[in-house]
Amino acid sequence: MLELKGIYKWVNSGNNRLFLLKDVDLSVQPGEFISIMGPSGSGKSTLLNVIGMLDTFDQGEFTFLHEPVHKLKEKQRSSLYKQYIGFVFQAYHLIDELTVYENIETPLIYQDIKSSERKAMVADMLDRFQIVGKKDLFPTQLSGGQQQLVGIARALIAKPRLLLADEPTGNLNSKQGEEIMGLFKELNKEGVTIIQVTHSEKNAGYGSRIINLLDGMIQNN
Amino acid sequence: MLKNYFKIAWRNLSKYRFYSAVNILGLFAGIVFALLIGAYIWSELQVNKNLRNANRQYILTTRSTDPNVGYELATFGPIAKSLKEEYPSLVENYYRYDGVTSVVSKGDKHFREGLQIGDSTMLKMFGFEVLHGDVQTALDNPYSVVITEEKAIKYFGKTDVVGESISIQSFSGGNHDFNITAVLKNLPTNSISNLAKDYPNNFFVPMSASNYFGRQGVDSWNNIFIASYVETREGVSAKDLEAPIRQLVQQNASDQLKKIITVKPILLSDYYLQQDQGLVKRMLYTLSFVGLFILLMAIINFINIAISRSASRMKEIGIRKVLGSMKRQLVFQFLTESIILVSIATVLALLTYPYLRPLFGQLVGKDLPSLAEFPSYFVCLPVVLVIVVGISAGLYPAFVLSAMKSVDSLKGKLKTAKDKIILRKSLVGFQFSIALIVLIAAGVVSHQVSYFFSQHLGYDKEFVVSAQVPRDWSSAGVKKMLTIRDEFSKLPEVSDVSLSYEIPDGANGGQAPVYKFGSDSTQAISMQILSPDEHFLSVYGIKLKFGKFINSTGSVDSSRIVLNEQAVKVLGWKNDNDALNQQVRVPGDNTVYTIDGITDDFHFGSMQTQVPPIIFVNVTRTHSYRYLSFKLKPGNISQSIEVIQKKWATLLPGTSFEYKFMEDTLRKLYANEVQLKKAAYLATVLALLIVLLGVLGLVSLSIHKRIKEVGIRKVLGASVPNIIGLFAREFAVIVIIAGAAACPFAWYLMNGWLNNYAYRITIGSQPFIIAISLLAGVTLLLVAVQVTRALKQNVVQNLKTE
């Protein structure tokens, strides 16, 4: 599905070059459920952002669905990820000014999907996550678990092939966390490829493969 | 998509009410001011445009090499008529009038009104709309009068008054009924009835009535006080008129006038903007600049506040980008927001326009058109305004915000916004500079205006009231008036009364060339003639330097005159007392005049010009007078006025006591300056308001960005003033730089303006210091309030934000 080859990412501080990612090679097959682990500052989130095309890298090759990402222009990259990738964040990142319904709908708007079609898709999603009753509430009126549910619903609305999750349970209590991980497992069974960043061995256990990062380098694969 | 934009924009606006209000207020101030100025400019441009053939109608103006001879707006009496008679292929029609004021009465209503004794062509030539009566015959009969709607209502309470009559006083004190033959619709401002701004004419009587008024001599080439207009045939230009005019002047005018006067035709559609050396035009330019700058400041404000608020929008922007929004789509979203804001501000501006219209109208001394009076295509103007201002205000923030990296924005990093801090500070610095310039200008203008009204006048204006009296310009008339004067002076409320032709308002009766007896008459110097009585000096508190003032009691030696210092100087005497008892002459006059006394110089007219040489001639010699001036005793002024009024009714029955305090007379003399002062104050208020809104935005950004630092400092024991100082320092630098930029420019600008005045203040450091400290003070206050408010929040919470 995607392949990273010799990815380097660095920042210059003074005369020193500080490496965030160092010679990262990674290949992901469709249907995998990968957990990226490592201590704070090891480059987990950076790697996830690079894969999600939210961040750039300085050296190396990145192929996504046979497209050479490193050669694409910003606009093409953007249309690539908005079509195939969904994001879930630790801090949910819902838009506070929009209702649950509107938050879930937003990615569809950016994909120029017709209003009637959007309605049907959002209704399906609300139904599936059993949050129909909450559709007119604003994010601040929901609990953390419910907000993350909305976040996942929003990530899935455009039917992505790849779901990227940056510590999705980090702000939740253990019971909510278990529910979310259960949901991920289920999604993975349905064929969605998932890459998550996590600190928790337990959460990592839900996945099919674990990648350990240290100082921007992959330790085992 | 658009609906979505609107929705989020609206929610954002209502969520952050404070910022929205600040933004809307700033934009509103800018837009409403621009709107008012626009309306004023439009209405000024409309003047004379509605005349029937304004594009080929010319006013004949006078250019004179001697400032004391001739009026710009009047010319040789016969010239317009001769042009038509001798050059019928060039000139199709003409209109001339002799402008006078007299008392118009109906029953017990007596008012002093401006009259035009003019050619009957007036009604046909300019196409003024007639409500009642027949244009063709209205001015045929000598005792007929055409009045305007406004005056018909004033005297009769209705407009259909054709066939009624009103009585108009002649200058010899007689009264005669005039038959109203037509009523005109109220005249829009134009250079026929409003030629002299302060004396609008709403009564038109035929030239054949000039005998009754004792104003013969319209057809004399020595009369250079007749306002004249000609309408040329199609295709004839002003250039084509020049040679015939020169020819006529050469043939007919006296040698003296020929030398100094040139007659210049000016197209009526241009005249209004050009008159008084382009005063109106300059005013329009000044106002346009001020309006544009205020609008620009409002836009800058919007930009500043929008960027400073980016912190709170950043997360949303990041999410939207992650969700697949294109940069373009974000730009559109932000533009939608700015357009909504500007729309609200514009709607507010339009709603308040009817209420602000009279206030602003008062300020500029002109009624502004109501919204309904604008042509219908002006409807699209607000729409254009909204789009232009909305886009120009929203474009920069939209691009800055949408260009940020999505990961950075998700983390709430203000890195990109921080890079723009220099730009934002320079924008605020620019606003500060403008505000400072406006403040300094207001200070200087107001200082100069109070200088006009101060003791520098050379006479004492306090407790002096003047009123016009009916004219009987004969020896007997003067005698009678002097008796009346003495009656008035017996009133216990009055300390002195003077009869004179002039009061110190710059409008005097005429000039006389004067030369030293024994020298060459060609060296005569033109002097202003004032014809007062012997009480003039005491009423106006003018100092007599040497000799004695004119005397009208006992046997009057009318060859005795008095000069002011300036006259003595220009005639070439070194010391004032050298001139005493010396003799002077006027060319063409056999009398040898003896200088009886010399007065101090005083400002007879505007301080714009040098004090002119003045020659005082006894009113008993000139036989012409206009005013009684009363010096009241301090005390209950309104009561004193009432007493005079009562006395007036018995001494001068059938005339109205229309009095004016000297203060008001001066205000009229300096109307432009007083107006400028008011406009400067208004601009100051607006500029300050907008600048402070801008500061508000910048401070809130600073606080937002440094909230953690503030929290740490507070935990470490910093006091509130310490922290205020921390933020104030940023602005101190901006104020200093803005001051350094603004002061020299303001000085240059205001010095240029002051150079228009022969008597002027010198600009000291005061206005600069006041302006800078005022701006700095208010900014500091604003910073203090905001910082204090921010510090009230929980410090620990702030520390937790990282």
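Quick caveat: nothing in here was measured; it's all calculated off a predicted structure. The sequence lines fix the lettering, A, B, ..., with proteins before strands; numbering per chain opens at 1.
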Colleague: Step through the shown structure and confirm whether more than 12 heavy atoms of other residues, nucleotides or ligands are within 6.0 Å of CZ on B/F332.
Modeller: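 No.
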Colleague: Is B/K327 in contact with chain A via its backbone, its side chain, both, or neither, using a 4.5 Å heavy-atom distance?
Modeller: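 For B/K327, neither part sits under 4.5 Å from chain A.
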Colleague: Between A/T106, A/L98, A/I85, which has the largest tally of heavy atom pairs under 4.5 Å with chain B?
Modeller: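 The candidate making the most pairs under 4.5 Å is A/L98.
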Colleague: With a 6.0 Å cut-off (strictly less than), is the heavy-atom count around CD of A/E190, excluding the residue itself, greater than 12?
Modeller: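 Counting other residues, nucleotides and ligands, CD of A/E190 exceeds 12 neighbours.
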Colleague: Is it true that, when you exclude A/D23 itself, more than 12 heavy atoms of the residues, nucleotides or ligands shown sit nearer than 6.0 Å to its CG?
Modeller: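 Correct, the count exceeds 12.
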Colleague: Give, as side chain, backbone, both or neither, the part of A/L94 having an atom under 4.5 angstrom from any heavy atom of chain B.
Modeller: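 The backbone, not the side chain.
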Colleague: Check whether A/Y92 gets within reach of chain B through its side chain, its backbone, both or neither, counting any heavy atom under 4.5 Å.
Modeller: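 Contact with chain B: none, neither part.
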Colleague: Under 4.5 Å heavy-atom distance to chain B, tell me which part of A/T46 shows up: side chain, backbone, both or neither.
Modeller: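 Contact with chain B involves no heavy atom of A/T46 at all.
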Colleague: Should we count NZ of B/K15 as having more than 12 external heavy atoms under 6.0 Å?
Modeller: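 Result for NZ/B/K15: enclosed.
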Colleague: For B/R11 versus A/F138, what's the shortest heavy-atom pair and its separation?
Modeller: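 So the two residues come closest at NH1-CE2, 3.8 Å.
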Colleague: Can you check whether B/L323 reaches A/Q111 side chain to side chain, under 4.5 Å on heavy atoms?
Modeller: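 Answer no - side chains too far apart.
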Colleague: Can you give me the closest heavy-atom contact between A/F87 and B/V322, atom names plus distance?
Modeller: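 Looking at all heavy atoms of both residues, the closest pair is CD1-CG1, 3.1 Å.
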Colleague: What's the shortest heavy-atom distance between A/Y110 and B/R320, and which atoms?
Modeller: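 What the structure gives for the nearest pair is OH-NH1, 2.7 Å.
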Colleague: Would A/I95 and B/I8 count as a side-chain contact (heavy atoms from CB on, under 4.5 Å) if you check the C-alpha gap in whole Å, the side-chain angles of each, and the deciding distance to 0.1 Å?
Modeller: CA-CA 10 Å; A/I95 298 178; B/I8 189 107; 4.1 Å; yes
